[in-house]
Amino acid sequence: MSASPEAAGTIYDIGYRHYDGPRLGRRGAVMAVVGAGLRAIFGLGRSGRSKVIPWGTLILATMPAIVAVAIRVLAGDLIELYSYDSYLWQIGALLPIFVAAQAPELVVNDIRHRVLPLYFSRPMSRFDYVAAKLGALSLALLSLTLLPVLVLFTGRVLAGDDVVGAISNEAGTLPAIVGTGLIHALVLASLGLAICSLAARRAYAAGAVLAVFLIGSVVGEILAEAGGFADVAPFLNPLAIMDGTRQWLFGGSVAESPVRAADVPLALYGLATLAVTLGAWAVLAFRYRRISV
Amino acid sequence: MPLISTRALTKRYPGGITALDGLTVEIGEGVIGLVGANGAGKSTLIKILLGLLPATEGEATVLDLDTATHGARIRELVGYMPEHDCLPPDVSATEFVSHMARVSGLPSGAARERTADILRHVGLYEERYRPIGGYSTGMKQRVKLAQALVHDPKVLLLDEPTNGLDPAGRDEMLALIERIGRDFGMTAIVASHLLGEIERVADWLVAIDAGRLLRTAPLASFTERTGQLLVETEEGGEPLAQRLVGRGMQALADGRTVVVDIASAGDGAGEYAVYDAVRDEAVALNMALVRIEQRRHQLEDLFRTGGTDERVA
């Protein structure tokens with residue numbers, strides 16, 4: 001560590017320097033993977049092309065809320081604000097697109113190019129690694145499942161004449177807003193990562209995610225229209241399962257959701273959500289335990 | 001105090017393959033060559049030391065920490081360079097190595113600084129900002145080494161670091177490893193099946209075969225003198241050997257060389273008597289000598305002869 005006062009511009013070999021600063025251990029490792037995951041998902045520090053889908057979907061998901069709130073604030077009662085209950089269902093198609101485009105980035109290359117032994121030979125376990133990836137994707141998804149609804153919430157509060165009164169009026173809806181956002185983010189992240197962890201390439205992973213969401217909802221619709229299968233239809237579509245769970249927990253039905261056409265106890269949706277999530281975690285556990293180092 | 005020690009370490013994989021079979025060894029500081037044929041158990045030993053694989057029986061400690069219970073702490077202080085490819089193609093060396101530094105527990109500022117330092121030490125300059133996918137094998141090996149070094153580990157575990165490199169690349173990688181041992185003050189354990197390479201960098205050898213310790217000793221003792229004199233002649237050694245045998249010495253001709261047993265020159269006569277005898281007989285035969293030297297053990301002898309009689313339990 002001898003920094004001799006050489007003339008500016010002189011290049012000299014300072015030799016090897018040891019590191020005696022802090023080591024953040026397992027927590028530091030997990031935080032690093034979460035942080036790098038978020039940067040990868042939103043294309044930060046990468047080419048403009050890799051920012052298109054994450055930021056595009058984020059803008060598309062938030063724009064209706066922002067516009068509605070703006071009109072409401074500026075023009076008063078000209079329009080009715082979207083309801084909290086239906087907003088996520090309205091932007092629903094954006095969620096699988098976001099997951100399909102960004103989740104493969106998180107896990108596929110680490111498996112395909114055998115980077116995992118480098119992670120596991122550092123102060124983190126396989127469990128830590130998967131949890132960190134899941135955390136990163138869930139946090140990223142919250143920008144779609146929570147942020148727009150919070151914009152709506154803010155709009156409703158600000159639109160009234162009596163802001164303080166509006167806050168106390170609207171505060172009761174916060175648990176539903178936050179709970180719904182969290183459930184959607186966690187379930188989508190779990191399902192998305194589980195599917196991606198099985199794919200050999202990023203493109204296959206993206207296709208598989210889209211297939212799971214699209215095929216389920218299309219087949220469900222066909223079954224429902226063919227008649228007699230309206231009770232089954234929502235369970236083929238992960239978004240409908242989560243909408244049913246939202247209704248079960250917080251109430252408020254959505255006109256376009258297949259949940260309305262089905263006649264089953266709402267608790268079944270909660271069970272289905274639990275099953276999907278645990279199933280995804282089981283796939284992840286199985287997949288990552290099998291990877292040899 | 002040894003940096004690494006194992007006691008009766010055994011690893012049996014499901015399916016009945018025994019990779020390590022009661023291995024007991026202590027490893028100190030320096031550049032340590034871990035030599036053995038493919039399948040001798042080198043990689044398995046490294047993975048147990050990293051706490052990545054549980055041992056079936058026995059125990060191992062690294063820096064006085066038990067691998068079975070303190071794996072995470074060990075992995076903070078150890079750097080690992082795997083044998084296989086392990087780099088994502090679409091990120092730059094700078095990005096990848098600094099990410100790995102953070103996963104090792106370094107704060108982001110330190111990670112950036114050390115990444116710049118280490119990439120310079122391993123000899124990656126302008127190209128470090130380009131995606132790794134476009135690198136040559138030699139450059140990729142340097143990135144692999146850099147990610148193992150970036151968090152300033154106390155112990156470095158290198159699994160076949162010259163794998164896939166051309167001769168020039170091998171030379172450069174070996175020079176780097178030598179420098180790490182000499183200037184970085186780290187202990188490097190270099191697993192290799194290429195004895196010729198290990199010979200050039202290691203100062204201590206641990207030889208294993210079929211999961212058992214064959215021998216552990218300073219490199220020099222593997223290449224000790226054999227007590228024989230090697231005489232190379234211009235035309236064929238048969239007449240010289242006959243005349244030396246005629247003097248009562250043990251000498252054997254093999255083509256153009258003659259191997260003379262030094263001890264056979266008589267009590268306490270020593271090697272100079274043998275040198276003199278060889279010189280005198282060569283003059284008498286009017287024979288041209290190419291060289292005379294003390295014969296040394298070859299590292300390869302260790303495995304060629306099975307070496308089982310030299311095993312240290």
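Everything quoted here is computed from the prediction, not taken from an experiment. These numbers come from the heavy atoms of this one structure, side chains and all, not from hydrogens, waters or symmetry mates. Chain letters run A, B, ... following the sequence lines, proteins first and then strands; every chain starts at 1.
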Kindly determine whether B:Phe96 and A:Leu118 satisfy side chain to side chain contact (heavy atoms under 4.5 Å, CB included), including the steps that lead there.
CA-CA 11 Å; B:Phe96 182 69; A:Leu118 298 188; 3.6 Å; yes
Minimal non-hydrogen separation, A:Val115 against B:Met100, with atom names
CG1-CE, 4.1 Å
Residues in residues 72-92 of chain B that sit under 4.5 Å from chain A, counting heavy atoms only
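Heavy-atom contacts from residues 72-92 of chain B to chain A are B:Ala72, B:Arg75, B:Glu76, B:Leu77, B:Tyr80, B:Pro82, B:His84, B:Asp85, B:Cys86, B:Leu87, B:Pro88, B:Pro89, B:Asp90.
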What do you reckon, is [atom1] of [X] surrounded by more than 12 foreign heavy atoms closer than 6.0 Å?
| X | atom1 | result |
| --- | --- | --- |
| B:Arg182 | CZ | yes |
| B:Arg200 | CZ | yes |
| A:Tyr204 | OH | no |
| A:Gln90 | CD | yes |
| A:Arg39 | CZ | no |

Do A:Tyr129 and B:Val103 have side chains that get closer than 4.5 Å, going by heavy atoms?
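The answer is no, as the side chains (C-beta and beyond) never meet within the 4.5 Å cut-off.
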Exam field: side chain B:His151 to backbone A:Arg23, donor-acceptor pair closer than 3.5 Å:
no
How long is the gap from CE on A:Met31 to OG on B:Ser108, to the nearest 0.5 Å?
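If I round to the nearest 0.5 Å, the distance is 11.5 Å.
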Working to the nearest 0.5 Å, report the span between CG of B:Leu52 and CZ of A:Arg126.
7.5 Å
Between B:Ile132 and chain A, which part of the residue has a heavy atom less than 4.5 Å away: side chain, backbone, both or neither?
neither
Chain A contact via B:Leu157 - which portion, at a heavy-atom distance below 4.5 Å:
neither
Among A:Ser125, A:Pro22, A:Gly28, A:Ala32, which residue forms the greatest number of heavy-atom pairs with chain B at distances under 4.5 Å?
A:Ala32
Heavy atoms only, distances under 4.5 angstrom: which of B:Gln147, B:Lys47, B:Arg102 has the most pairs with chain A? Name it, please.
B:Gln147
Counting only heavy atoms closer than 4.5 Å, note whether A:Arg46 contacts chain B via side chain, backbone, both or neither.
side chain
Check the side chains of B:Asp152 and A:Tyr16 for a donor-acceptor pair under 3.5 angstrom, ignoring hydrogens and angles.
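A:Tyr16 vs B:Asp152: donor-acceptor pair found between side chains.
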Using a 3.5 Å cut-off and no angle test, enumerate the donor-acceptor pairs between side-chain atoms of residues 12-19 of chain B and protein atoms at least two apart in sequence or in another chain.
unit_1: B:Arg12; atom_1: NH2; unit_2: B:Glu57; atom_2: OE2; d: 2.7
unit_1: B:Tyr13; atom_1: OH; unit_2: B:Thr44; atom_2: OG1; d: 3.0

